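Inspection log for the structure reproduced underneath, given as structure tokens.
Just so it is clear, the structure is predicted and the values come from calculations on it, not from any experiment. Sequence lines set the chain letters: A, B, ... in the order given, protein chains first and strands last, and positions in each chain run from 1.
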Amino acid sequence: MPDRGDELFEVRVKKREQLIARGVNPYPARFKRTHTNQAALHLFEAFELEKGKTESLRSEPVRVAGRITAMRGMGKASFNKLMDGTASIQAYLRKDILGAQYDLLPDLDLGDFLGVSGPMFRTRTGEVTVEAKEIVILSKALRPPPEKWHGLKDVEQRFRQRELDLMASEEIRNRFRMRSTILHSIRNFMDNRGFIEVETPILVPIPAGAMAQPFVTKHNALDRTLFLRIATELYLKRCVIGGLDKVYEIGRVFRNEGIDFKHNPEFTTMESYEAYADYHDVMEMVEEMVSTAAQEATGGLRVKFGDETLDFTPPWPRLNLRQAILDRTGIDITPFLETLDVAKREGKDVAEAETLAATGLAAKMREAHIDPGIRASIGLLVDKIVSDKVEPTLIQPTFLVDYPKEMSPLAKQREDDPRLVERFEGFAAGMEIANSFTELNDPVEQRARFQEQEELHKLYGNEDFDRLDEAFLLAMEHGMPPTGGLGVGIDRIAMLFAGERSIREVVLFPQLRT
RNA sequence: GGCCCGAUAGCUCAAUGGCAGAGCAGCUGACUCUUAAUCAGCGGGUUCCAGGUUCAAAUCCUGGUCGGGUCACCA
């Protein structure tokens, strides 16, 4: 593209041509290394221990390579920094050693890849350095790297051209290495507990299993509307029904909603389902899993997050939802759940019962200066209170337990109080990181709950209610064991461990407004 | 979608209505142990776009594009 960068671009294109004209291939297919940069550095340090440090000490020759990140030329000698995926190593290039090869130097630029071979030594200033006997250009870069000292600051460019962000910052590279460690750690943890990893459809006929707006797409040959999944939940339960007692899936889910610092339209979840477990069992599993991941990804159980230090050491406090709301707002949600329950038992239809209870709670919320928003069902209202008044106060890892049934159409009621379900959510740094329940496995009750969601959907004209999935109900009618289910937000975990408040900092290529 | 803020050299940033600048990167030259190498010199701009106010606009006004923050919506 013709922009003002063209001048620098043209200079590099010319150098590329000059190399070719001199019979040098600027893009050779291979360069056999003997060591990564890090391995070479370690090798020399070990060698020094063995032989003793002297200025003239030279190791056996090594062949190393990397991107040129610094060039300090001094006429007939030059110090260049080469960065590979493991470390940076300095190369010392001398005209009297390299001879004609030294004339390649004017055609090299920051950003090019270079291979060097030669013995290692330690410079007077103490840096382990390869004394090049041979240099090979491995790849000519045609555009300059970001500014070497300040790096890349422009937020938009950092996200749109993440490769430049990575190139310029070891911290960013390490952040995504850490994200990989989290994924490995969690996989390992689940595998070790006897779970099997499965893959379920991303293109689905009904976007069910959560309350969210889906992306819509179309299969041409079938001439059929399909959706991108908003959760993996229902398919995973069907695996459990089929006899795969312990399954998990790590995968991307897609929600067609607002984009902000906490939400990317595609994000990664780990969902697991375990037959014969309940939400207490899952709670213990989550503590253990997240603290193990913290240990492996950050090297400890305590992680700095802004001004706070999050301590993931189990056990995490359990906080009763009703009590937590009462403590923070003075609102007791129980009477409203009671109103709803009584109204339903008296045979009022869902709309009538909902309106009765929701109106009361919304009024109470206004008294407490909480905006109830519009078109809100009792479930959404309670969710709103939690989001506004409870969630932000949960800095240290905490479980919020026992949710109203209306918020959780897939969770099993408590035996001692059918207005509540056996559900918990895990929070840290004021963010939700996990959601779990003892799964509802009564197909008749499940159908009723779905139907209620459908009615709420009509009543509030809102897309964000769970949908009735016949294939799932049919599966459940074949018998589903008591099961403990879990969903964990991998991006949120990565944010916590990275100490970052923005999800964009832990997603390599986040969605931007375009 | 509403509100607030921002966009200046390839990159990082100055210039508060009066000649658009610095550092890095680039180019030329010097330099065989440098560490953001140093030294001397040179080039580099549709100041996001379109319009307006003004003798004069990077700067003020209007609209737009893109981004950030925030609210709404939403895990």
On a whole-Å scale, what distance lies between the [atom1] atoms belonging to [N] and [M]?
N	M	atom1	value
B:rA9	B:rA20	P	15 Å
B:rG29	B:rA22	C1'	23 Å
B:rC31	B:rG41	C1'	16 Å

Q. For B:rC73, does either OP1 or OP2 sit under 4.0 Å from a side-chain N or O belonging to A:Lys384?
A. yes
Q) Does A:Arg72 make a side-chain N or O approach to OP1 or OP2 of B:rA37 shorter than 4.0 Å? A) yes
Which residues satisfy the side-chain contact (heavy atoms from CB on, under 4.5 Å) test with [X], sequence neighbours excluded?
X	result
A:Leu138	A:Pro28, A:Phe31, A:Ala65, A:Phe113, A:Val136
A:Ser56	A:Thr54
A:Pro145	A:Arg12, A:Leu110, A:Met167
A:Arg58	A:Pro119, A:Phe121, A:Glu131

**Q.** Criterion side-chain hydrogen bond (donor to acceptor under 3.5 Å, both in side chains) against A:Asp107, the qualifying member of A:Lys14, A:Lys140, A:Arg22
**A.** A:Arg22
Indicate, with a heavy-atom threshold strictly under 4.0 Å, whether [X] touches base, sugar-phosphate, or nothing.
X	answer
A:Gly487	nothing
A:Ser78	nothing
A:Lys14	nothing
A:Phe121	base

Q) Under 4.0 Å between a Lys/Arg side-chain N and an Asp/Glu carboxylate O for A:Lys237 and A:Glu233? A) yes
Please enumerate all residues that pass salt bridge (Lys or Arg N to Asp or Glu O under 4.0 Å) together with [X], with sequence neighbours excluded.
X	result
A:Lys412	none
A:Arg252	A:Glu266
A:Asp96	A:Arg94

(Q) Reading RNA chain B from 5' onward, which residue's closest nucleotide shows up sooner: A:Glu55 or A:Phe267? (A) A:Glu55
Q: Look at the side chain of A:Ala77 and decide which nucleotide, out of B:rC66, B:rU32, B:rG69, has an atom nearest to it.
A: B:rU32
Distances under 3.5 Å only, N/O to N/O: pair up the protein atoms with those of nucleotides 47-49 of chain B.
none

Q. For RNA chain B, what residues of residues 85-96 of chain A have any heavy atom nearer than 4.0 Å?
A. A:Gln90, A:Tyr92, A:Arg94, A:Asp96
Q. What do you reckon, are the aromatic ring centroids of A:Tyr279 and A:Phe437 less than 6.0 Å apart?
A. no
Q. Which ranges of RNA chain B pair up as stems, where a stem means three or more consecutive Watson-Crick or G-U pairs with both distances under 3.5 Å?
A. B:1-7 with B:65-71, B:10-13 with B:21-24, B:26-30 with B:38-42, B:48-52 with B:60-64
Q: Using whole Å, report how far CE of A:Met74 lies from P of B:rA37.
A: 11 Å
Are there any protein N/O atoms within less than 3.5 Å of an N/O atom in nucleotides 21-25 of chain B, and if so, which ones and at what distance?
residue, atom, partner, partner atom, Å
B:rG23, N2, A:Glu147, OE2, 3.4
B:rA25, OP1, A:Lys148, NZ, 2.9

Q) How would you list all residue pairs meeting salt bridge (Lys or Arg N to Asp or Glu O under 4.0 Å) that involve residues 398-410 of chain A, not counting sequence neighbours? A) A:Lys344-A:Glu406, A:Asp402-A:Arg414
